[in-house]
Chemist: 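Got a structure here, written out as structure tokens. Questions coming.
Residue numbers run from 1 in the order of the sequence given. Predicted, not measured: the structure shown is a model, and the values here were computed from it.
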Amino acid sequence: MHLLLSTIVLRPYVFIFLVSFLYIAIVNFGLRTTVLFTVLTYAVSLACEWSSVHNGFPFGLYHYIDATRGREIWVFGVPFMDSLSFTFLAFASYTVALLLSSPLYWRGADFRILDTWQIRRAPRVWLMAALFMVMVDLVVDPLSVLGDRWFLGKMFWYDPPGPHFGVPISNYLGWYFVAAITIAIFQWLDAMLNRGSAKPARALPAMRSRALLGPALYAGIVIFGITMLFRINAPEIGWAAVFIYLPFTVLAIHILTRRESYGDHAAIERHLADFPYERALPVWRPASARIREPGRRLASTDSRRRGA
């Protein structure tokens with residue numbers, strides 16, 4: 001227990017992101033999916049990190065420094081929190097891909113996505129989510145290499161250092177490989193455990209704007225990384241990260257603000273057909289009535305004109 005508390009104190013930012021992920025994932029996808037995804041993703045990432053430390057696959061060869069042994073949990077020669085971070089990075093990346101790939105619904109303070117099982121399992125969502133996870137690493141890994149400049153501390157070193165601010169290209173290829181595996185695991189678990197008319201365990205369908213929580217977690221991780229780069233006086237890496245995310249941010253704003261991105265009655269019905277437990281939510285009825293009302297007024301106007 002002492003070592004667990006010491007791990008949390010030593011890596012508080014990882015713990016905050018982890019707790020946020022657990023809450024957001026349970027609210028949106030249920031308890032069983034969240035727990036199994038966390039366990040399986042940790043196992044995959046730990047195996048890949050162990051392999052990289054010993055033979056360089058898939059991230060390239062690197063070595064951990066034993067400075068924090070006895071102060072935080074290590075598993076098979078890898079810091080526990082390091083492998084665990086893949087869980088919330090993969091999940092947050094998936095929610096961003098889902099947001100940008102689904103019809104949208106916005107009424108008052110409530111923002112939702114009109115996703116379907118077809119969209120959730122779509123290859124484009126899977127590949128986009130893996131790419132978004134690599135984009136996070138383009139910020140996080142150069143920052144981690146400079147851990148001796150901030151409270152992370154010097155944790156590891158690449159053998160040899162790579163061309164991207166000390167990070168080898170093989171690391172990013174490895175991240176895409178692991179991201180593709182872990183996000184596929186999430187899609188499979190979600191489809192296996194959450195299909196049907198029953199609400200996923202502990203999920204909160206009525207919670208307003210719950211679809212924005214995952215993307216907000218993603219944005220928080222990226223902003224934290226970029227902010228830390230400027231704070232440790234690494235502006236060249238910080239500006240590189242800004243320009244990596246600038247076109248992505250512009251594209252996301254374009255998608256979220258254009259009229260064509262928002263679903264009609266048919267999109268709502270497709271969503272409710274796949275997730276029938278949401279049909280009872282009061283949010284849909286006022287929106288449907290509001291959409292139908294102009295048609296009724298138009299019909300009445302036409303009748304008066306024909307009578308005239």
Chemist: Can you check whether Phe80 and Tyr42 have ring centres sitting under 6.0 Å from each other?
Modeler: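 For Phe80 and Tyr42, the ring centres are under 6.0 Å apart.
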Chemist: Do Asp264 side-chain atoms and Ala267 backbone N/O form a donor-acceptor pair below 3.5 Å?
Modeler: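 Yes: the side chain of Asp264 pairs with the backbone of Ala267.
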Chemist: Can you find a pair of side-chain heavy atoms, one from Leu84 and one from Leu18, that are under 4.5 Å apart?
Modeler: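 Yes. Closest side-chain heavy atoms under 4.5 Å.
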Chemist: Distance only, no hydrogens: is a donor on one side chain within 3.5 Å (strictly under) of an acceptor on the other, for Tyr64 and Asp82?
Modeler: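 Indeed, the side chains of Tyr64 and Asp82 share at least one donor-acceptor pair under 3.5 Å.
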Chemist: Aromatic contact between Phe186 and Phe91, with the criterion being ring centroids under 6.0 Å apart: yes or no?
Modeler: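 Ring-ring flag for Phe186/Phe91: true, centres closer than 6.0 Å.
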Chemist: Can you name the nearest heavy-atom pair linking Ala109 to Ser209, along with the distance?
Modeler: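 Answer, listing the atom of Ala109 first, then Ser209: O-OG, 2.8 Å.
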Chemist: Under the criterion side chain to side chain contact (heavy atoms under 4.5 Å, CB included), which of Arg195, Arg270, Gln187 is the partner of Trp117?
Modeler: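 Considering Arg195, Arg270, Gln187, a side chain to side chain contact (heavy atoms under 4.5 Å, CB included) with Trp117 is found only for Arg195.
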Chemist: I need the Ile237 CD1 to Ile232 CD1 distance, nearest 0.5 Å.
Modeler: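 Nearest 0.5 Å value for the CD1-CD1 distance: 6.5 Å.
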Chemist: Thinking salt bridges, do Arg69 and Asp66 make one under a 4.0 Å N-O criterion?
Modeler: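 Salt bridge: yes.
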Chemist: Do Trp74 and Thr68 pair up side chain to side chain, a donor and an acceptor below 3.5 Å, judged on atom types alone?
Modeler: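 There is such a pair between these side chains.
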Chemist: Check for me whether the distance between the ring centres of Tyr94 and Trp126 falls short of 6.0 Å.
Modeler: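 Between Trp126 and Tyr94, which both carry aromatic rings, the centre distance is not below 6.0 Å.
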Chemist: Are Leu251 and Met128 linked, directly or through intermediate hydrophobic residues, by side-chain heavy-atom contacts shorter than 4.5 Å (ILVMFWY only)?
Modeler: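 Met128 and Leu251: one cluster.
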Chemist: Relative to Trp106, does Arg112 satisfy both conditions: NZ or CZ under 6.0 angstrom from the six-membered ring centre, and within 45 degrees of the ring's axis?
Modeler: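 Pair Arg112/Trp106 does not count as cation-pi.
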Chemist: So His271 and Trp284, do their side chains get closer than 4.5 Å, heavy atoms only?
Modeler: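 Trp284 reaches His271 side chain to side chain.
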Chemist: Which pair of heavy atoms, one from Arg121 and one from Ala191, lies closest together, and at what distance?
Modeler: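 Arg121 and Ala191 have their closest heavy atoms at NH1-CB, 3.3 Å.
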Chemist: If the plane angle is over 60° it's perpendicular, under 30° parallel, otherwise tilted; pick one for Phe224 and Phe151.
Modeler: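 The rings of Phe224 and Phe151 sit tilted, inter-plane angle from 30° to 60°.
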Chemist: If you measure from the Lys or Arg side-chain nitrogens to the Asp or Glu carboxylate oxygens, is any gap between Arg120 and Asp115 under 4.0 Å?
Modeler: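 Answer for the salt bridge query: yes.
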Chemist: Ring-plane angle category for Trp239 and Phe243, please: parallel below 30°, perpendicular beyond 60°, tilted otherwise.
Modeler: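 Correct class here is tilted.
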Chemist: Any side-chain heavy-atom pair from Leu104 and Leu114 closer than 4.5 angstrom?
Modeler: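 Counting from C-beta outward, Leu104 and Leu114 never come under 4.5 Å.
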Chemist: Quick one: are Tyr218 and Ser93 in side-chain contact, heavy atoms under 4.5 Å?
Modeler: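 Tyr218 vs Ser93: side chains touch.
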Chemist: How are the rings of Tyr62 and Phe59 set to each other: parallel, tilted or perpendicular (split at 30° and 60°)?
Modeler: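 Taking Phe59 first and then Tyr62, their aromatic rings sit tilted (interplane angle of 30° to 60°).
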Chemist: For Phe86 and Val44, run side-chain contact (heavy atoms from CB on, under 4.5 Å): C-alpha distance rounded to whole Å, both residues' side-chain angles, the deciding distance at 0.1 Å, then the answer.
Modeler: CA-CA 9 Å; Phe86 281 83; Val44 169; over 6 Å; no
Chemist: For the residue pair Phe177 and Phe57, is the inter-centroid distance of their aromatic rings smaller than 6.0 Å?
Modeler: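 Ring-ring flag for Phe177/Phe57: true, centres closer than 6.0 Å.
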Chemist: Measure from the ring center of Tyr158 to the ring center of Phe156 and say whether it is less than 6.0 Å.
Modeler: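 Yes; Phe156 has its ring centre under 6.0 Å from that of Tyr158.
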Chemist: When you look at CZ of Phe248, are more than 12 heavy atoms from neighbouring residues, nucleotides or ligands closer to it than 6.0 Å?
Modeler: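 Atom CZ in Phe248 is crowded, with more than 12 foreign heavy atoms closer than 6.0 Å.
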Chemist: According to a hydrophobic-cluster definition based on side-chain heavy atoms being under 4.5 Å apart (Ile, Leu, Val, Met, Phe, Trp, Tyr only), do Ile73 and Val39 belong together?
Modeler: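 No; tracing contacts between hydrophobic side chains, which count when under 4.5 Å, never links both residues.
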Chemist: Between Phe37 and Trp188, is the ring centre distance below 6.0 Å?
Modeler: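 Between Phe37 and Trp188, the centre distance exceeds or equals 6.0 Å.
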Chemist: Indicate if Leu138 and Ile223 have the same hydrophobic cluster label, given that clusters are the connected sets of ILVMFWY residues with side-chain heavy-atom separations under 4.5 angstrom.
Modeler: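 No, it is not one cluster - the side chains of Leu138 and Ile223 are not joined through contacts under 4.5 Å.
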Chemist: In terms of ring plane angle, is the pair His63 and Trp157 parallel, tilted or perpendicular, where the classes change at 30° and 60°?
Modeler: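 Answer is tilted, since the angle falls between 30° and 60°.
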